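Below: the structure, in structure tokens.
In each ligand, atom 1 is the first atom listed, and ligand 1 is the first ligand listed. Since this is a predicted model, take the numbers as computed values, not measurements.
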Amino acid sequence: MTSSPDRLRFYVDGAWRQPSGTERYSLLEAATGEPLGTAAMATPEDVDAAVRAARRAFDAGEWGSASAEERSKLLHRFADALSARAEATSTLVSRENGMPIGLSRVANGAGPVAQLRRYADLVAGMELERPRPSPLGSTIVRREPVGVVAAITPWNYPQSLAMAKIAPALAVGCTVVLKPSPETALDAYVLADAAEEAGLPPGVLNVVAGGRETGAAVVAHPGVDKVAFTGSTAAGRAVGAECGRQVKRFMLELGGKSAAIVLDDCDLDVLRAGLETASFRNNGQTCSAQTRVLAPRSRYDEVVEAVVGVAEDLVLGNPLDPSVTCGPMVTEEHRERVLGYVRAARDSGAVLACGGGRPAGLDRGWFVEPTVFVDVDNSAPLAREEVFGPVLAVIPYDGEDEAVEIANDSEYGLAGSVWTSDDERGLDVCRRVRTGTIGINYYSLDFGAPFGGVKQSGVGRELGPEAVDGYLEYKSIYAGADRLSGSS
Ligand code: NAD
């Protein structure tokens, strides 16, 4: 890596804008702690410029009035430009947040490109206006773009989560202001590079990086019609409150504390094969991570052994090494937060089965040992709060009903899994768990199906063809009234 990936200007109105302030964020490479690059942080003035540009492009620009086919063609060009950068982007994100490179190639390379193409194709064939018979003659039911969308994203899957908003929004004719996290600000501008190369009209996609205050300024800006937010539940609450105050549309994809329910007929080889992805994906820095493992008392020791085996088999190291399956935490601060949960659990007498600290021999970078606590009570902080690292709590249960009760005894409801030799039984348990997504004998996102949470895991859904619904408003045109003589 020779060239510096510094990003000291924002992408606004199709041009590279000098920051109005002086605040900068210095990124350190997660695996080494070495300087990686610097990003300018946007002030409310920069945010205002970005929202105004998106507003102009929506209200007066060619984007909303372009035919779906024209937009689709440009979005495919955007996808081509991103695809040409996919390998470099995947590497950059792994250096920023510690994501194993194999996963990054999918989540930050091929995946976002495929998402963009999917919505470009979908919109080209979509019917957005349809007449419907009414008692007065005819009503035309139209679907129109919601307007200016603020996409606010976290650092853990930065390109996928940005594209999950940008692709459906742009496809239906909205314009977008993307506000990425400081921790992954550098890769966010690759989206701007690609949009510029593809010839997206000015103001259609704007990128302004910044922290919480920048995000709050974007949400509060009266020029924003809809906020599409992914992040913590605490931040989501603040976003929802401001959107409620302004009666602004919003979608919230928030945290989780999902349960992997191991039933008493589980094939432990299947569990061993699938739990790494379900529970430790991206070093545990995954909203859908199943960090509560519910184990039947009748097979408790065997299940614990299998879970500990999965944790101990993870290969820690630099995420750019393809053999590594568990990289570092995104920042030193986040590593300390994760270790704080581990320390608090140990101090409260929780039983540690493996891990529990920083790994020997990895002194640089922000590594945490894959950690498993056993005999955890579902009321303990470790079972209730999102740790966002490679830390699991095994919770014993008696009988299927109690397993479902424990799984549902959470403020969250984002993901989950059921491990069983009987698919019908698994399906039955899946139906009883209050959650947005759940898998049988594996957990992996299906980008063709809606994703999101219930309870405090969020409001609304993204992904799948259904995602476009969030970027469209209905309009009913009563087109038949003039046919009634004497009506006023
Ligand atoms: P975070 O909430 O700290 O930040 C997320 C984004 O929101 C960042 O861009 C941040 O700058 C911005 N932000 C923070 N406070 C804000 C405010 N008051 N107003 C506007 N913007 C604000 O989260 P994080 O630490 O970056 O990411 C981890 C969290 O994201 C975890 O809780 C994880 O579960 C969640 N997440 C959820 C999903 C999902 O799809 N449900 C996916 C990935 C991550």
Return the residue, atom name and 0.1 Å-rounded distance of the protein heavy atom closest to [atom].
atom                    : result
atom 27 (O) of ligand 1 : Pro154 CB, 3.2 Å
atom 16 (C) of ligand 1 : Arg212 CG, 3.7 Å
atom 38 (C) of ligand 1 : Cys287 SG, 3.1 Å
atom 32 (O) of ligand 1 : Glu386 OE1, 2.6 Å
atom 3 (O) of ligand 1  : Ser232 OG, 4.0 Å
atom 18 (N) of ligand 1 : Ala238 CB, 3.8 Å

Q.
List ligand 1 atoms under 4.0 Å from Gly211, heavy atoms only on the residue side.
A. 11 (O)
Q) Touching ligand 1 at all, Ser181? Heavy atoms, strictly under 4.0 Å? A) yes
Q | Close approach of Gly453 to ligand 1, heavy atoms, under 4.0 angstrom | A | no
Q: For salt bridge (Lys or Arg N to Asp or Glu O under 4.0 Å), just list the numbers for Lys165 and Glu462, CA-CA rounded to whole Å, side-chain angles, deciding distance to a tenth of an Å, and then say yes or no.
A: CA-CA 7 Å; Lys165 299 161 182 57; Glu462 49 190 17; 3.0 Å; yes
Q.
Would you say that more than 12 heavy atoms from the other residues, nucleotides or ligands in this model lie under 6.0 Å from the CZ of Arg85, or not?
A. yes
Q: Evaluate whether atom CZ of Arg384 has more than 12 neighbouring non-hydrogen atoms of other residues, nucleotides or ligands under 6.0 angstrom away.
A: yes
Q) Sub-3.5 Å donor-acceptor pair from the side chain of Thr371 to the main-chain atoms of Glu369, do we have one? A) yes
Q: State whether the side chain of Asp46 and the backbone N or O of Pro19 hold a donor-acceptor pair below 3.5 Å, judged by distance alone.
A: no
Q. If you measure from each non-hydrogen atom of Leu161 to ligand 1, which part falls under 4.0 Å: side chain, backbone, both or neither?
A. side chain
Q) Which bit of Ile152 gets closer than 4.0 Å to ligand 1, counting heavy atoms only: side chain, backbone, both or neither? A) side chain
(Q) Does the structure place the NZ or CZ of Lys226 under 6.0 Å from the centre of the six-membered ring of Tyr471, at an angle of no more than 45° from the ring's axis? (A) yes
Q: Please tell me if the side chains of Phe451 and Leu414 come closer than 4.5 Å, counting only heavy atoms from C-beta onward.
A: yes
Q | Close side-chain approach of Tyr443 to Ile438, heavy-atom, < 4.5 Å | A | no
Q. Out of Phe388, Tyr157, Phe451, who gets a non-hydrogen atom closest to atom 28 (C) of ligand 1?
A. Phe388
Q: Apply the side-chain hydrogen bond (donor to acceptor under 3.5 Å, both in side chains) test between Thr291 and each candidate in Glu385, Glu386, Lys257; give the one that qualifies.
A: Lys257
With only distance considered, is [X] within less than 3.5 Å of ligand 1 through an N or O on each side?
X      : value
Thr153 : yes
Lys179 : yes
Ser457 : no
Leu254 : yes

Q.
Tell me whether atom 9 (O) of ligand 1 lies less than 4.0 Å from at least one protein heavy-atom position.
A. yes
Q: State plainly whether the residues Lys248 and Glu242 are in salt-bridge range, i.e. N to O under 4.0 Å.
A: no
Q) Can Arg364 and Glu34 be said to form a salt bridge (Lys or Arg N to Asp or Glu O under 4.0 Å), step by step? A) CA-CA 9 Å; Arg364 296 184 333 144; Glu34 296 292 324; 3.4 Å; yes
